[in-house]
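First comes the structure, then the notes that go with it.
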Amino acid sequence: MTYAHETRRRRTFAIISHPDAGKTTLTEKLLLFSGAIQIAGSVKARKASRHATSDWMEIEKQRGISVASSVMQMLYREHVINLLDTPGHKDFSEDTYRVLTAVDSALMVIDAANGVEAQTRRLIEVCRQRDTPIITFVNKMDREVRDPLDILDEVERELGMPCVPMTWPVGQGKSFGGIVNLRTQAMTVFDSGSERLPQDFETIALTEQAQLAERFGLEWQTAMDSMELATGASPAFDEAAFLAGKQTPVFFGSGVNNFGVMEVLDALVDLAPAPKPRTSNLLVNKQPVVKEIQPEDSAFSGVVFKVQANMDANHRDRIAFVRMASGKYTPGMKLKVQRTAKELRPTSVVTFLSQRREAVDEAYAGDIIGFTTHGGVQLGDTITDGANLQFTGLPFFAPELFMTVILKNPLRTKQLQTGLDQLGEEGAIQVFKPEIGGPMLLGAVGQLQFEVVQHRLKAEYDCDVRLEGCQYTGARWITADTPAELREFTNAYPQRLALDAAGTLAYLCTSPYDVRLAQERFPKIHFHPLREHAGLALGSAG
């Protein structure tokens, strides 16, 4: 049995950008145009009751930013499109990195006034490491922005790959006339308004040169000249190069005005890849054997790339987001968590339109499905219908900021423990339990993570906590070649050791020299700045 027909219909992509480039707005418009939602929630009008569909957490509504990635599924042109909206804020980059392991392509949104910004650079690096194909959307063309040739030049420099313009802007700001679609050889005329649908925009064929020149005057001539320069300097679109992450097709538009969005949606169907094979380690006689899992294989397999607690405050639920790698999911299937060999009995399995969930009747490789669980599932877990597989590559980064958790009411210790266990499991923050006892430590990549966790402990677990500074400035996960060496090391540094949410041993440092000194003293201990999935195996190389 093969599911090739279904997997070829799937497109799974993440939308990435610097904060405020218009990512969440674009997400809304993609959903609107695919018919998934009737009204796109205005992201700016935070006081209105209509928040953006993809921002559901209370703290997101207060601040107007995305702090958790959300998953949305839509149908467009007979294709199933799985869209993952990622947090733009750098303090939540870990969540974004993990989401990027679950997708086959990325849509990069760039603010036409600001060009490529710091957070975008970081995300590009992750995409480049994985050779993820990137489609680029240059947003906010209806504002006073930089010259399009200048933007392309910067994107090429930063991405280290050539840009291939697919649409080209005519004018900008107040004199923004529209975009020329190089694929259809027609100009779509700009008209502002957030309620417009694709069919509401006027299009004029490029063969009507005289009419276009008369109507748009100097802006038309300038656009034609710069477009000629851009297409002359760019290679032709090469599907193989794009799929290998070696060139990026570029689109221009204005997300807030629904303009230029349809072209991006069409490109996702026409150009973006269907689900790709994924590498797994098959355990044969306790020895890992590398095997390529094909999306159309009949056996079910998937990987947990996100765990979210309390998406529905009334039910205190936890959802494990699973990116399917192969096979077909049907309700009532017997599934196994490979790390623990325990059977997974999800009470309900859903697909998402942000907060709106629908029960899954069937799902295939490329789809993102949510298992409602009550613990026992961690980030990076591989789930199968029986085969012994372990997918790798889900990154955890060593935190650089630490705080000690002090509970204001000691009677809430049990609730605090539950809260920290769950928030640690979902990767909202890294939780470290010192081996010698004492208060729990929180490790974060960014300061805002602490605020979110403090807020969530109070709102979701009724735990009022104070976070205090501590002496630690870093952590390294440790492994050794033999249990004896590990024992010798742990005996030497008992006060510096802690276990993270996955039960992996970490060495806490107070300065960059700590690791160097410990390494010199114990050359056979390996210090890891990155942990790939639950439990670094003893004996893995540093």
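Contact record, P295 with P275: CG-O, 3.4 Å, taken as the closest heavy-atom pair. Closest approach of C163 and E156 over heavy atoms only: N-OE2, 2.8 Å. Heavy atoms only, all atoms of each residue included: Q378 and D381 are closest at N-OD2, 2.7 Å. In this structure, T473 and F402 approach most closely via the heavy-atom pair C-CE1, 4.0 Å. Heavy atoms only, all atoms of each residue included: P273 and P133 are closest at CG-CG, 4.0 Å. For the residue pair I368 and N82, the shortest heavy atom distance occurs at N-OD1, 4.0 Å.
Considering CD of Q447 and CD of E400, their distance stands at 12.5 Å, rounded to 0.5 Å. To the nearest 0.5 Å, atoms CG (L271) and CG (L243) are separated by 8.5 Å. Here the CG-CG distance, from L401 to L467, works out to 12.0 Å after rounding to the nearest 0.5 Å. Rounded to the nearest 0.5 Å, atoms CZ (F176) and OG (S192) are 11.0 Å apart. One distance of note links CD of Q454 with CG of L442; it measures 9.5 Å at 0.5 Å rounding. Residue I16 holds its CD1 atom at 6.0 Å from CG of L100, rounded to the nearest 0.5 Å.
Looking at residues two or more places apart in sequence or on another chain, you find a salt bridge (Lys or Arg N to Asp or Glu O under 4.0 Å) between D153 and R157. Taking D238 as the reference, nothing meets the salt bridge (Lys or Arg N to Asp or Glu O under 4.0 Å) condition, with sequence neighbours excluded. With sequence neighbours excluded, no residue forms a ring pair (Phe, Tyr, Trp, His ring centres under 6.0 Å) with Y472. The side-chain contact (heavy atoms from CB on, under 4.5 Å) check on N139 picks up V109, F137, with sequence neighbours excluded. In this structure, the side-chain contact (heavy atoms from CB on, under 4.5 Å) partners of S234, at least two apart in sequence or on a different chain, are P165. Annotation: salt bridge (Lys or Arg N to Asp or Glu O under 4.0 Å) contacts of R323 (sequence neighbours excluded): D104. E78 pairs by the salt bridge (Lys or Arg N to Asp or Glu O under 4.0 Å) definition with nothing, not counting sequence neighbours. Among residues two or more places apart in sequence or in another chain, the side-chain contact (heavy atoms from CB on, under 4.5 Å) test is passed with E158 by V116, R121, E154.
Annotation: salt bridge (Lys or Arg N to Asp or Glu O under 4.0 Å) contacts involving residues 165-174, sequence neighbours excluded, are absent. Residue pairs meeting the salt bridge (Lys or Arg N to Asp or Glu O under 4.0 Å) criterion with at least one member in residues 270-280, sequence neighbours excluded: R77-D270, R183-D270. Residue pairs meeting the salt bridge (Lys or Arg N to Asp or Glu O under 4.0 Å) criterion with at least one member in residues 247-256: none, sequence neighbours excluded.
The closest side-chain heavy-atom distance from L182 to M227 is below 4.5 Å. Within the 4.5 Å cutoff, the side chain of E451 has heavy atoms near those of the L448 side chain. By the 4.5 Å heavy-atom criterion applied to side chains, L84 and F305 are counted as neighbours. Using a 4.5 Å cut-off on side-chain heavy atoms (C-beta onward), M161 and R128 make contact. In this structure, V170 and I179 have side chains that are not in contact, with every pair of non-hydrogen atoms separated by 4.5 Å or more. Between L457 and V453, the closest side-chain pair of non-hydrogen atoms falls below 4.5 Å. L107 has its side chain within reach of L30: a pair of non-hydrogen atoms, C-beta onward, lies under 4.5 Å apart. Within the 4.5 Å cutoff, side-chain heavy atoms of W477 are placed close to those of D500.
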For a quick test of your reading: what N or O donor-acceptor pairs under 3.5 Å do the side chains of residues 249-265 make, sequence neighbours left out?
{"unit_1": "S254", "atom_1": "OG", "unit_2": "D142", "atom_2": "OD1", "d": "3.2"}
{"unit_1": "S254", "atom_1": "OG", "unit_2": "N257", "atom_2": "ND2", "d": "3.0"}
{"unit_1": "N257", "atom_1": "OD1", "unit_2": "G193", "atom_2": "N", "d": "2.9"}
{"unit_1": "N257", "atom_1": "ND2", "unit_2": "D142", "atom_2": "OD2", "d": "2.9"}
{"unit_1": "N258", "atom_1": "OD1", "unit_2": "K29", "atom_2": "NZ", "d": "2.6"}
{"unit_1": "N258", "atom_1": "ND2", "unit_2": "S194", "atom_2": "O", "d": "3.0"}
{"unit_1": "N258", "atom_1": "ND2", "unit_2": "R196", "atom_2": "O", "d": "2.5"}

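Considering I15, V155, V138, I135 as possible partners of M108, the one that fulfils the side chain to side chain contact (heavy atoms under 4.5 Å, CB included) test is V155. Test K140, R143, K23, R146 against D111 for salt bridge (Lys or Arg N to Asp or Glu O under 4.0 Å) and you get one pass: K140.
Counting heavy-atom neighbours within 6.0 Å of E144 CD, excluding the residue itself, gives a total above 12.
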Test L212 against L206 for side chain to side chain contact (heavy atoms under 4.5 Å, CB included), laying out the working first. CA-CA 8 Å; L212 289 162; L206 291 193; 4.2 Å; yes
